[in-house]
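Lettering follows sequence order; numbering is per chain, from 1. The structure displayed is predicted, hence computed values, not measured ones.
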Amino acid sequence: MPELPEVETVVRTLEKRIQGQEILAVHIRWPGVIEGQSPEEFARRLTHQHFRVFHRRGKYLLFDLDRDMLVVHLRMEGKFYVDDPGKPLDRHMHVLFDLGNGRQLRYHDVRKFGRMSLLPLDTDLTHFHDLGPEPWDEGFNAGYVYRMAHSRRQPLKSLLLDQSFVAGIGNIYADEILFACQLRPGRASRRLTHAQAARLVAETQRILSEAIRAGGTTIRTYTSSLGVSGRFQLQCMVHEQKFCRVCGSPIHCRRIGGRSSYYCPHCQK
DNA sequence: ACACTGACCTGCGAGC
DNA sequence: TGCTCGCAGGTCAGTG
């Protein structure tokens, strides 16, 4: 499931592959993926625009075109491919973009959770979808984390998954960040100390940076699009592990905030 | 106002 | 072997 590092990898890969390409036509095979307007209107507006600038906000992919911004959320299993138009389509290939260079950008999504829409080019992304700061924003600092943690009555795991707290973290990296901080996912947010808040900022930035450098991850079934398989070298320390890679204790798994959460009861307090 | 639950989807693996 | 059931999880609407 794509989280911030996987989305970043997809954006950078697509930038290399299709930047500057004109959209000649759009074919929508499953209309539910289009939000905010009819599929016909969506296709009509995209036609003859070019892919100009590639960026990301949280887990959203953002493509600046000539007149509109194409916004895509991959949710659980959304993937992009750049293929020869003659290549056979499977039943999960939902949107096809014919490109000026004769190739086809293809959106694939087994579970149909992903969405795409068009927004004005000048849309302010600061509070886009109520997203909080990016992990490297100045605003994401120890003081902010401490204040936010103490303003809620939620476990730490739920806080990390809250996109209005910090943008881009999903279930897997949340577990990994908390392991690196030696904090249990079920620990009450309001028990966080200043020192722990500072460490949370540092470990979040470190883990996400390393994952981006490794090209995302293949944790579980997700491989980032385009045959670019993530090779997240630092691997999961706890998520879906049986034994702690530090102390060897059995890893516990319990549901916190409705999500399966993995932690080492010996290393995490 | 905050926090939790279910819906959206499909594939897969466990259990009978 | 074949069926049913539960689970995977990001986001948002709905509920308490």
| Can you tell me if A:N171 uses its side chain to pair, donor with acceptor, with the backbone of A:S260 under 3.5 Å? | yes
| query | Quantified in whole Å, what is the P atom distance between nucleotide C:dC7 and nucleotide B:dT5? | reply | 14 Å
| Taking the same atom, P, in C:dT11 and in B:dA1, what whole-Å distance lies between them? | 23 Å
| query | Going 5' to 3' along DNA chain B, which nucleotides are the first and last within contact of chain A (any atom under 4.0 Å from a heavy atom)? | reply | B:dA3 to B:dG11
| said: By the 4.0 Å heavy-atom rule, please label A:S260 as base, sugar-phosphate, or nothing. | reply: sugar-phosphate
| query | Ignoring hydrogens and geometry, is there a side-chain-to-backbone donor-acceptor pair from A:R187 to A:K269 under 3.5 Å? | reply | yes
| query | Hey, is A:E40 close enough to A:R44 for a salt bridge, meaning N to O under 4.0 Å? | reply | no
| query | Is the distance between the ring centroids of A:Y144 and A:F165 under 6.0 Å? | reply | yes
| request: Take atom P in B:dC9 and the same atom in C:dA13, then report the distance between them in whole Å. | output: 15 Å
| note | Symbol by symbol from the 5' end, with Watson-Crick or G-U pairs under 3.5 Å, [ ] crossing and | another strand, DNA chain B is .|||||||.|||||||
| message | Less than 4.0 angstrom from a charged side-chain N to a carboxylate O is my criterion; do A:K59 and A:E3 meet it? | response | no
| Is A:R106 reaching over with its side chain to a backbone N or O of A:P85, donor-acceptor style, under 3.5 angstrom? | yes
| Reading nucleotides 10-16 of chain C from the 5' end, what letters show protein touch, with B for base, S for backbone sugar-phosphate only, - for no heavy atom under 4.0 Å? | BBS----
| said: Does either side chain, that of A:Q49 or that of A:D68, offer a donor lying less than 3.5 Å from an acceptor on the other one? | reply: yes
| Can you check whether A:L99's main-chain N or O pairs, donor with acceptor, with A:E22's side chain at less than 3.5 Å? | no
| Just checking A:R115: base, sugar-phosphate only, or nothing, at a heavy-atom cut-off of under 4.0 Å? | nothing
| query | Does the distance from a Lys or Arg side-chain N to an Asp or Glu carboxylate O, for A:K79 and A:D109, drop under 4.0 Å? | reply | no
| task | Fit a plane to each ring of A:F97 and A:F80, take the angle between them on a 0 to 90° scale, and name the class: parallel (under 30°), tilted (30 to 60°) or perpendicular (over 60°). | result | tilted
| request: Determine whether more than 12 heavy atoms belonging to other residues, nucleotides or ligands lie under 6.0 Å from atom CZ of A:R153. | output: no
